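Everything on this sheet refers to the single structure shown next.
Along the sequence shown, residues are numbered consecutively beginning with 1. Keep in mind that what you see is a predicted model, and the values were worked out from it rather than measured.
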Amino acid sequence: MRLVFLGPPGAGKGTQARELARELNVPQVATGDMLREAVANGTPLGREAKAYMDRGALVPDDVIVRLIAERLAQPDAKRGFILDGFPRTIPQADALERLLGDLGVSLDRVSTFHVTSNPPKHENVCDRCGSTLVQREDDREATVRKRLQVYAEQTSPLLDRYKKRGVLRTVAGEGKIGTIHADIKKAVNG
Ligand code: AMP
């Protein structure tokens, strides 16, 4: 199963991609997580990406496409994958098509999400384990605004492309995590 999760920041893509990837036994390929790891490790990629990420802008397409090409060439991606946070621009979607075309495969589904809101029951405390929640560096208000704007301008045009291809499925991201998970499974199989 080759899937893309496409939705605005905060829609819950990461949470849902993690769970479904585990069930399908395919890797969750999250470019944001990969970049954050590179930043934390101070690699050349991390040093290049950090300034873009801190201001809520997209990292240049060629950097991301190289990252994805390397990741999808790993043996575990042969079984399929869930792309979480990629593609985010038309050039990235074009590059993905070329990559998959070279492998003789194509996308099965693209799932998109309505914006969701799932605040913790107690402010700054994790519902699940009770530990203190920390805000991601790029989750500050000004940066979130910028990330939403970037989504609207550069990423949402992809919806039209995947709709035309007949692979787009829309899932309401509001409500319980388990309910949304079930909806995604229906959308992916339908
Ligand atoms: P995310 O965790 O997916 O919201 O990604 C966090 C940040 O990483 C984004 O705001 C971008 O700066 C960068 N990023 C992640 N994925 C991509 C991508 N596919 N293209 C460009 N930048 C990306």
Between R18 and I82, is a side chain to side chain contact (heavy atoms under 4.5 Å, CB included) present by the stated rule, with each step listed?
CA-CA 9 Å; R18 198 170 308 122; I82 301 181; over 6 Å; no
Look only at the side chain of Q92 and the backbone of R88, and say whether a donor-acceptor pair between them is shorter than 3.5 Å.
yes
Tell me, do L83 and I68 make a side-chain contact under 4.5 Å, heavy atoms counted?
yes
Identify whether the distance between the nearest side-chain nitrogen and carboxylate oxygen of R36 and D33 falls below 4.0 Å.
yes
In terms of hydrophobic clusters joined by side-chain contacts under 4.5 Å, are L58 and V29 together?
no
Please check if V150 and F5 belong to a single hydrophobic cluster, counting links between Ile, Leu, Val, Met, Phe, Trp and Tyr side chain heavy atoms closer than 4.5 Å.
no
To the nearest 0.5 Å, atom CG of D61 lies from atom CZ of F86 at 8.5 Å
For A93 and Y162, the nearest pair of non-hydrogen atoms, with its separation, is CB-OH, 3.7 Å
Is a salt bridge present between D94 and R161, judged by a nitrogen-to-oxygen distance below 4.0 Å?
yes
Presence of salt bridge, E141 and R145, under 4.0 angstrom
yes
CD of E70 to CG of L45, rounded to nearest 0.5 Å, is 9.0 Å
Start with the C-alpha distance between I64 and L35, add both sets of side-chain angles, then the distance that settles side chain to side chain contact (heavy atoms under 4.5 Å, CB included), and finish with yes or no.
CA-CA 9 Å; I64 295 290; L35 292 170; 3.8 Å; yes
Would you please test E97 and R165 for salt bridge (Lys or Arg N to Asp or Glu O under 4.0 Å) and show each step?
CA-CA 12 Å; E97 232 150 75; R165 303 268 154 87; 2.6 Å; yes
Return the minimal non-hydrogen interatomic distance between P87 and T155, and the atom names on each side.
O-CG2, 4.3 Å
So, T112 side chain and L6 main chain: donor-acceptor pair closer than 3.5 Å or not?
yes
Got a salt bridge between R98 and D102, using NZ or NE/NH1/NH2 to carboxylate O under 4.0 Å?
no
Take T15 and I180 through the test side chain to side chain contact (heavy atoms under 4.5 Å, CB included) and record every step on the way to the result.
CA-CA 10 Å; T15 305; I180 300 166; over 6 Å; no
Looking only at non-hydrogen atoms, find the nearest pair between V59 and A49 and report the distance.
CG2-CB, 3.9 Å
Are there more than 12 heavy atoms of other residues, nucleotides or ligands under 6.0 Å from atom CD of E37?
no
Pairwise distance NE2(H181) to CD(E23) - rounded to 0.5 angstrom
3.5 Å
Short question: side chain of R2, backbone of S106 - any donor-acceptor pair under 3.5 Å?
yes
Where do V26 and R79 come nearest, in terms of heavy atoms and distance?
CG1-O, 3.8 Å
Value rounded to 0.5 Å, distance of CZ in R71 from CG in L99
13.5 Å
Are any side-chain N or O atoms of K13 and backbone N or O atoms of P8, one a donor and one an acceptor, separated by less than 3.5 Å?
yes
Taking atom CE of M1 and atom CG of L24, what is their separation to the nearest 0.5 Å?
6.5 Å
Looking at every heavy atom in both V167 and L107, which two are closest together, and how far apart are they?
CG1-O, 3.9 Å
Yes or no on side chain to side chain contact (heavy atoms under 4.5 Å, CB included) for R55 and T143, after CA distance, side-chain angles and deciding distance?
CA-CA 6 Å; R55 60 172 205 273; T143 319; 5.7 Å; no
Is the shortest heavy-atom distance from the side chain of L72 to the side chain of L96 under 4.5 Å?
yes
Which residues pass the side chain to side chain donor-acceptor pair (under 3.5 Å) test with D62, not counting sequence neighbours?
none
Gap separating the OG atom of S111 from the CG atom of L3, nearest 0.5 angstrom
6.5 Å
Nearest heavy-atom pair of K185 and L20: which atoms, and what distance?
CG-CD1, 3.8 Å
